[in-house]
Amino acid sequence: MAEEAGTGADDACLWDERLSWAFGLIADDPAARTAALAYLAEARRQVEDALGRFNEIWRLTRPLGADEQYREPAFLKARRRYQQAQRRSLPDGLWDRPASEDLASWPGLPYALLFLEWEARFPQDWTQHAKAWGTKESLIREVARARQEEAIKAKLTDLVEIVVHRAYRCKDREYVRVARAVDSAGLRGRLDRAADSDSPWARCHAGYVLWLLDRPDLPNTRHVWQTWVAGKAAALM
């Protein structure tokens with residue numbers, strides 16, 4: 001099937017055609033996760049091969065000058081092949097997001113949420129096979145700004161609960177944005193239970209999120225987080 005030039009123009013069917021295999025990454029069945037990881041490894045190999053070919057053509061056509069180079073058929077073909085390979089892999093397939101479109105109506109949103117859920121539930125697999133801290137950070141910020149339809153809100157509430165129960169990972173503090181965006185009695189109930197649990201990580205993380213939910217004007221900065229961890233939150237009041 002022909003693919004559009006940019007992911008923003010794609011519909012849900014094209015997204016599913018390219019990336020439906022990725023739901024295996026968050027499957028409860030270990031065999032399904034193994035199969036999805038093998039698929040991802042092959043997809044990433046194809047991205048690397050296509051990038052290598054694109055770089056080779058770029059060097060060969062560079063003497064033509066920028067204008068002629070970007071009209072050269074071999075150059076355009078290599079670039080298109082690289083872009084198509086990217087759209088069938090992770091995290092590359094999530095990079096070309098529409099800047100002005102409401103994320104709630106973006107057909108790639110289920111895969112953005114999948115990528116975040118994968119990192120939250122299976123962090124070792126995510127780190128080994130598709131580590132992209134910048135992508136994680138930008139996706140968290142964007143979903144926090146998205147129009148919160150009920151299905152999205154439920155998924156984001158689940159993600160906040162998962163994250164506060166684990167040892168802190170890079171960019172986890174960004175989930176405060178999500179908690180503020182989906183704040184509800186249900187979320188606060190989950191955070192209260194985490195804050196009262198036997199896990200020191202859950203008590204620290206959930207307590208911090210609850211504290212900031214009650215203080216919407218307090219910025220979620222590194223200093224505020226470090227002060228909370230040090231047990232000196234009163235100094236911020």
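Computation of the quantities below employed the complete heavy-atom set of this structure, encompassing side-chain atoms and omitting hydrogens, waters and symmetry-equivalent molecules. All values reported here derive from a predicted model rather than from experimental measurement.
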Asp28 atom CG, neighbour heavy-atom count above 12 within 6.0 Å: no

Within the 4.5 Å heavy-atom criterion, are Leu113 and Leu156 side-chain neighbours or not? yes

Heavy-atom closest contact (Lys136 atom, Cys170 atom, distance): NZ-O, 2.8 Å

With rounding to the nearest 0.5 angstrom, report the NZ to CG distance, Lys171 to Leu139. 13.0 Å

Can you sort out the partners of Ala78 under side-chain contact (heavy atoms from CB on, under 4.5 Å), two or more places apart, ordered by chain and number? Phe54, Ile57

Give a yes/no verdict on a cation-pi contact between Arg203 and Trp201, requiring under 6.0 Å between NZ or CZ and the six-membered ring centre and an angle within 45° of the axis. no

Do Asn220 and Tyr208 pair up side chain to side chain, a donor and an acceptor below 3.5 Å, judged on atom types alone? yes

Count I, L, V, M, F, W, Y as connected when their side-chain heavy atoms are under 4.5 Å apart, and connections chain through other members. Are Tyr82 and Trp95 then in the same cluster? no

Can you see which heavy atom on Val160 is nearest to which on Tyr175, and at what distance? CG2-O, 4.2 Å

If only atom types and distance count, is the side chain of Gln148 paired as donor or acceptor with the main-chain N or O of Ala146 below 3.5 Å? yes

Tyr111 versus Asp16: any side-chain heavy-atom pair under 4.5 Å? yes

Could you tell me whether the side chain of Asp125 and the main chain of Leu25 form a donor-acceptor pair under 3.5 Å? no

Ionic contact status for Arg88 with Glu17, cut-off 4.0 Å: yes

Strictly by salt bridge (Lys or Arg N to Asp or Glu O under 4.0 Å), give each pair with a member in residues 180-191 just once, sequence neighbours left out. Asp158-Arg190, Glu161-Arg190, Asp183-Arg188, Arg188-Asp214

First locate atom CD of Glu142, then atom OG1 of Thr135, and finally report the distance between them rounded to the nearest 0.5 Å. 10.0 Å

Indicate yes or no for a side-chain donor-acceptor contact from Ser89 to the backbone of Asp92 under 3.5 Å, with no hydrogens or angles considered. no

What's the verdict on side-chain contact (heavy atoms from CB on, under 4.5 Å) for Leu213 and Leu191, showing C-alpha distance, side-chain angles and the deciding distance? CA-CA 11 Å; Leu213 288 179; Leu191 293 173; 3.9 Å; yes

Do Tyr168 and Arg173 come within less than 4.5 Å of each other through their side chains, counting heavy atoms only? yes

Student check: side-chain heavy atoms of Leu159 and Val143 closer than 4.5 Å: no

I'd like to check Arg169 versus Trp133 (side-chain heavy atoms, cut-off strictly below 4.5 Å). Are they in contact? yes

For Trp225 and His205, take the angle between the two ring planes, folded into 0 to 90°, and tell me which bin it lands in: parallel under 30, tilted 30 to 60, perpendicular over 60. tilted

Test side-chain contact (heavy atoms from CB on, under 4.5 Å) applied to Ala195 - qualifying residues, sequence neighbours left out: Ala206, Leu210

Look up atom CG in Leu19 and atom CG in Leu14, then write down how far apart they are to the nearest 0.5 Å. 11.0 Å

What distance separates Leu212 CG from Asp217 CG, expressed to the nearest 0.5 Å? 11.0 Å

Do Phe75 and Leu64 sit in the same hydrophobic cluster, where Ile, Leu, Val, Met, Phe, Trp and Tyr count as joined when their side-chain heavy atoms come under 4.5 Å apart? no

Provide the closest heavy-atom pair for Phe23 versus Leu114 in the form atom of the first, atom of the second, distance. CD2-CD1, 3.2 Å

Do the non-hydrogen side-chain atoms of Gln86 and Asp96 ever get within less than 4.5 Å of each other? no

Approximate separation, where rounding is to 0.5 Å, of Gln83 CD and Leu51 CG: 11.5 Å

Contacts satisfying side-chain hydrogen bond (donor to acceptor under 3.5 Å, both in side chains) that involve residues 53-63 (not counting sequence neighbours) are Arg53-Glu56, Thr61-Gln69

Return a table of donor-acceptor pairs under 3.5 angstrom between the side chains of residues 38-47 and protein atoms on other chains or two or more places apart.
| unit_1 | atom_1 | unit_2 | atom_2 | d |
| --- | --- | --- | --- | --- |
| Glu42 | OE1 | Arg45 | NE | 3.0 |
| Glu42 | OE2 | Arg45 | NE | 3.4 |
| Glu42 | OE2 | Arg45 | NH2 | 2.6 |
| Glu42 | OE2 | Gln46 | NE2 | 3.0 |
| Arg44 | NE | His129 | O | 3.3 |
| Arg44 | NH1 | Leu90 | O | 2.9 |
| Arg45 | NH1 | Asp49 | OD2 | 2.4 |

Do Trp228 side-chain atoms and Cys204 backbone N/O form a donor-acceptor pair below 3.5 Å? yes

Check: Ile152 and Val182 side chains under 4.5 Å, non-hydrogen atoms: no

Taking all heavy atoms of Ala36 and all of Gly24, pick out the closest pair and write down the distance. CB-C, 3.5 Å

Between the side chains of Glu68 and Arg71, is the shortest nitrogen-to-carboxylate-oxygen separation below 4.0 Å, so that they form an ion pair? yes

List the residues meeting side-chain contact (heavy atoms from CB on, under 4.5 Å) with Thr34, not counting sequence neighbours, and say none if there are none. none

Is a donor on one side and an acceptor on the other found under 3.5 Å between the side chain of Arg166 and the backbone of Ile162? no

May I ask you to decide whether Glu174 forms a salt bridge with Arg177, counting only side-chain N to carboxylate O separations under 4.0 Å? yes

To check you understand the geometry: which heavy-atom pair defines the closest contact between Ala112 and Leu94, and what is its length? N-CD2, 3.8 Å

Minimum heavy-atom distance between Ala50 and Ala85, given as atom pair plus value: CB-CB, 4.2 Å

Atom CG of Leu37 and atom CH2 of Trp21: how far apart are they, to the nearest 0.5 Å? 8.5 Å

